Amino acid sequence: MTVDPHLLDDLEWRGLLAHSTDLDALRAALSTTEPGGVRFYVGFDPTAPSLHLGNLVQILTARRLQQAGHTPYPLVGGATGMIGDPRDSGERTLNSLDTVQDWVGRVRRQIEPFLSFEGGNAAVMVNNYDWTASLSTIDFLRDIGKHFPVNRMLARDVVKSRLEAGISYTEFSYILLQSMDFLELYRQHGVTVQFGGSDQWGNLTGGVELIRRAEGGKAHAFATPLITKSDGTKYGKTEGGALWLDPAMMSPYAFHQFWLNAEDAKVGELLRVFTFLSRPEIDSLEAETAEKPFLRAGQKALADEVTTLVHGATETANAKAAAAALFGSGDLGDLNPATLSAALREAGATRAELGTPYVDLLVAAGLVRSKGEARRTITEGGAYLNNERVTDPELVPDGSHVVAGGWLVLRRGKRNLAGVEIG
RNA sequence: GGCAGAUUGCCCGAGCGGCCAAUGGGAGCGGACUGUAAAUCCGUCGACUUAUGUCUCCGAAGGUUCGAAUCCUUCAUCUGCCA
């Protein structure tokens, strides 16, 4: 496979280059004629049982690079996950080795489907635990630590912001581990490019510099932008919590809904970052969204594309069918019971006995956190049963409310739906 | 090590003996408007309950008082100033 010469232009157009080391040097490196192209690495720390939206940017970028002919070395941080990189919100809680190793496996399996492990530029999965766990403290301090001036480390933004509240030596040292990873991959595999999220920029350049100091080698790095809403706040969180890639933690339906609800102003950017649609396709979707925003052509394409990438075509079709059933027609009674029950299972369902008060059902379905909140929601006019507003906090659904052969359709607000299966 | 100040609900921040579940802003949630957007406006925002009720809560543990987030003691953490 030959290397695609237009890769960097495409990445630039997609807005994926938020920061970069010498861009011309990077361009030169990426235009290599070597078989297998450039060897690059991107790391994922197992800080949870699943990766999330932010990680998806990196996974997809890795896929773009591989499709352009380069060789990925996706790294799962069995070692760095034991330490934790510093973040503004404060010191992390350490996880046990067992937990981290379990998460390493899960994260690895999440990444694999996005990359190809065959052919001339087959991906090579690596784990920094392999070269970090057995390293002696003395070697670490002499070989790695010697190259890191503390005054420079202290000047980093994350560290500065933590100096008042406090930061442990453990987190302070994180940059050494990640930099060492780059050096190690450079030595073992000839990896010369690393990328990551823009919050990783310090760690990325740390590695480039370590390679230069320790080996006199030339390596490159770039950072992808942080994806934010138009008001500048992070995505990452939605009604149910973080945007997980694991279908057990966030249903494909909810995932699809998230993209469908993207703001108009962000659709173009999200299409460029999260889909593999071509430039003409995206340009045309963007134009359509600008002209006829109410059709939400961009959002629909975005939701379908990204859900298919992450969960597959079947799950995407299910999510679409569910949304069509639940948001489409006004009267739920008109719907085919099979369609409706499938849609409710997709949206999230629980089981309850007939005779359970409506308030308790809202809690059981996870639409509210407490009965008080449930009552409040009813008072506020945001609670619905079978698409009809509930006004009586004491309501106890009976047989006349059951639809589709055994279901109650609960809704909070406009778009938080859940099904209760009676029985 | 000494002196002074701080620690409030998801975040920021008032309160400084009873009227405090605790002003205000942000986030979140709901409603209106729409397109299952954004912006805006309105409402709501500890739990159990629905009674002008109970419980938990203002860094931690004790204490004073009829009564404390508010006063005292000790401890923890942070911030200044001095060594």
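Model, not experiment: these values are computed from the prediction.
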side-chain contact (heavy atoms from CB on, under 4.5 Å), paired with Leu75(A), selected from Val42(A), Leu185(A), Asn127(A):
Leu185(A)
NA contact type, Arg411(A), heavy-atom cut-off 4.0 Å: base, sugar-phosphate, or nothing?
nothing
Given the C1' atoms of G15(B) and U70(B), what is the spacing between them in whole Å?
8 Å
Between Gln200(A) and Asp85(A), do the side chains contain a donor N or O and an acceptor N or O under 3.5 Å apart?
yes
In whole Å, what separates the C1' atom of A69(B) from that of U8(B)?
7 Å
Give the dot-bracket line for RNA chain B from 5' end to 3' end: parentheses for intra-strand Watson-Crick or G-U pairs under 3.5 Å, square brackets for crossings, | for inter-strand pairing, dots for unpaired.
((((((((.[[[..)..(.....]]].(((((.......))))).(((....)))...[[[[[..)....]]]]]))))))).
Could you measure the distance from the OH atom of Tyr358(A) to the CG atom of Leu408(A)? Nearest 0.5 Å is fine.
9.5 Å
C1' gap between G53(B) and A61(B), integer Å
31 Å
Tell me, which pairs form a salt bridge (charged side-chain N to carboxylate O under 4.0 Å, His left out) where one or both residues lie in residues 14-23 of chain A, sequence neighbours left out?
Asp10(A)-Arg14(A)
Work out how far the P atom of A21(B) is from that of A68(B), and round it to whole angstrom.
12 Å
Hydrogens and angles aside, do Glu315(A) and Thr307(A) bring a side-chain donor and acceptor to less than 3.5 Å of each other?
no
Between Glu263(A) and Lys266(A), is there a side-chain N and carboxylate O pair less than 4.0 Å apart?
no
Any salt bridge linking Glu209(A) with Arg213(A)? Criterion: basic side-chain nitrogen under 4.0 Å from a carboxylate oxygen.
yes
For U74(B) and U64(B), measure between their C1' atoms and round to the nearest Å.
15 Å
Give me each pair satisfying salt bridge (charged side-chain N to carboxylate O under 4.0 Å, His left out) with a member in residues 301-314 of chain A, each pair once, sequence neighbours excluded.
Asp304(A)-Lys320(A)
Between Leu271(A), Thr289(A), Asn261(A), which is the residue that forms a side-chain contact (heavy atoms from CB on, under 4.5 Å) with Gln299(A)?
Thr289(A)
For U52(B) and C58(B), measure between their P atoms and round to the nearest Å.
29 Å
Would you tabulate the pairs of protein nitrogen or oxygen atoms and nucleotide nitrogen or oxygen atoms of nucleotides 46-51 of chain B closer than 3.5 angstrom?
{"unit_1": "A47(B)", "atom_1": "OP1", "unit_2": "Ser370(A)", "atom_2": "OG", "d": "3.0"}
{"unit_1": "A47(B)", "atom_1": "OP2", "unit_2": "Arg376(A)", "atom_2": "NH2", "d": "3.0"}
{"unit_1": "C48(B)", "atom_1": "OP1", "unit_2": "Lys371(A)", "atom_2": "N", "d": "2.8"}
{"unit_1": "C48(B)", "atom_1": "OP2", "unit_2": "Ser370(A)", "atom_2": "OG", "d": "3.4"}
{"unit_1": "C48(B)", "atom_1": "OP2", "unit_2": "Gly372(A)", "atom_2": "N", "d": "2.8"}
{"unit_1": "U49(B)", "atom_1": "OP1", "unit_2": "Lys371(A)", "atom_2": "NZ", "d": "2.4"}

Whole-Å P distance, C10(B) and C48(B)
15 Å
For Val57(A) and Phe274(A): C-alpha separation, side-chain torsions, deciding distance, then whether side chain to side chain contact (heavy atoms under 4.5 Å, CB included) applies.
CA-CA 7 Å; Val57(A) 179; Phe274(A) 288 101; 3.5 Å; yes
Quick one: pull up CE in Met180(A) and CD1 in Ile144(A) and give me the separation to the nearest 0.5 Å.
5.5 Å
Considering only heavy atoms, which members of residues 304-315 of chain A lie under 4.0 Å from some atom of RNA chain B?
none
Tell me whether A38(B) sits syn or anti, counting syn as a glycosidic angle within 90° of 0.
anti
Distance in angstrom units between Ile378(A) CD1 and U44(B) C1', rounded
14 Å
Side chains of Ser370(A) and Glu373(A), donor plus acceptor under 3.5 Å:
no
Is a donor on one side and an acceptor on the other found under 3.5 Å between the side chain of Arg106(A) and the backbone of Pro49(A)?
no
Every protein N/O lying under 3.5 Å from an N/O of nucleotides 35-37 of chain B:
{"unit_1": "G35(B)", "atom_1": "O6", "unit_2": "Asp264(A)", "atom_2": "OD2", "d": "2.8"}
{"unit_1": "G35(B)", "atom_1": "N1", "unit_2": "Asp264(A)", "atom_2": "OD1", "d": "3.0"}
{"unit_1": "G35(B)", "atom_1": "N1", "unit_2": "Asp264(A)", "atom_2": "OD2", "d": "2.6"}
{"unit_1": "G35(B)", "atom_1": "N2", "unit_2": "Asp264(A)", "atom_2": "OD1", "d": "2.8"}
{"unit_1": "G35(B)", "atom_1": "N2", "unit_2": "Gln299(A)", "atom_2": "NE2", "d": "3.3"}
{"unit_1": "U36(B)", "atom_1": "O2'", "unit_2": "Asn261(A)", "atom_2": "OD1", "d": "2.5"}
{"unit_1": "U36(B)", "atom_1": "O2", "unit_2": "Gln257(A)", "atom_2": "OE1", "d": "2.9"}
{"unit_1": "U36(B)", "atom_1": "N3", "unit_2": "Gln257(A)", "atom_2": "OE1", "d": "3.0"}
{"unit_1": "U36(B)", "atom_1": "N3", "unit_2": "Gln257(A)", "atom_2": "NE2", "d": "3.3"}
{"unit_1": "U36(B)", "atom_1": "O4", "unit_2": "Gln257(A)", "atom_2": "NE2", "d": "3.4"}
{"unit_1": "A37(B)", "atom_1": "OP1", "unit_2": "Arg415(A)", "atom_2": "NH1", "d": "2.7"}
{"unit_1": "A37(B)", "atom_1": "O2'", "unit_2": "Ala262(A)", "atom_2": "O", "d": "3.4"}
{"unit_1": "A37(B)", "atom_1": "N3", "unit_2": "Asp264(A)", "atom_2": "OD2", "d": "3.2"}

Rounded at 0.5 Å granularity, tell me how far CD in Glu346(A) sits from CG in Leu417(A).
12.5 Å
Could you tell me how far C19(B) sits from C11(B) if I compare only their P atoms? Round to whole Å.
25 Å
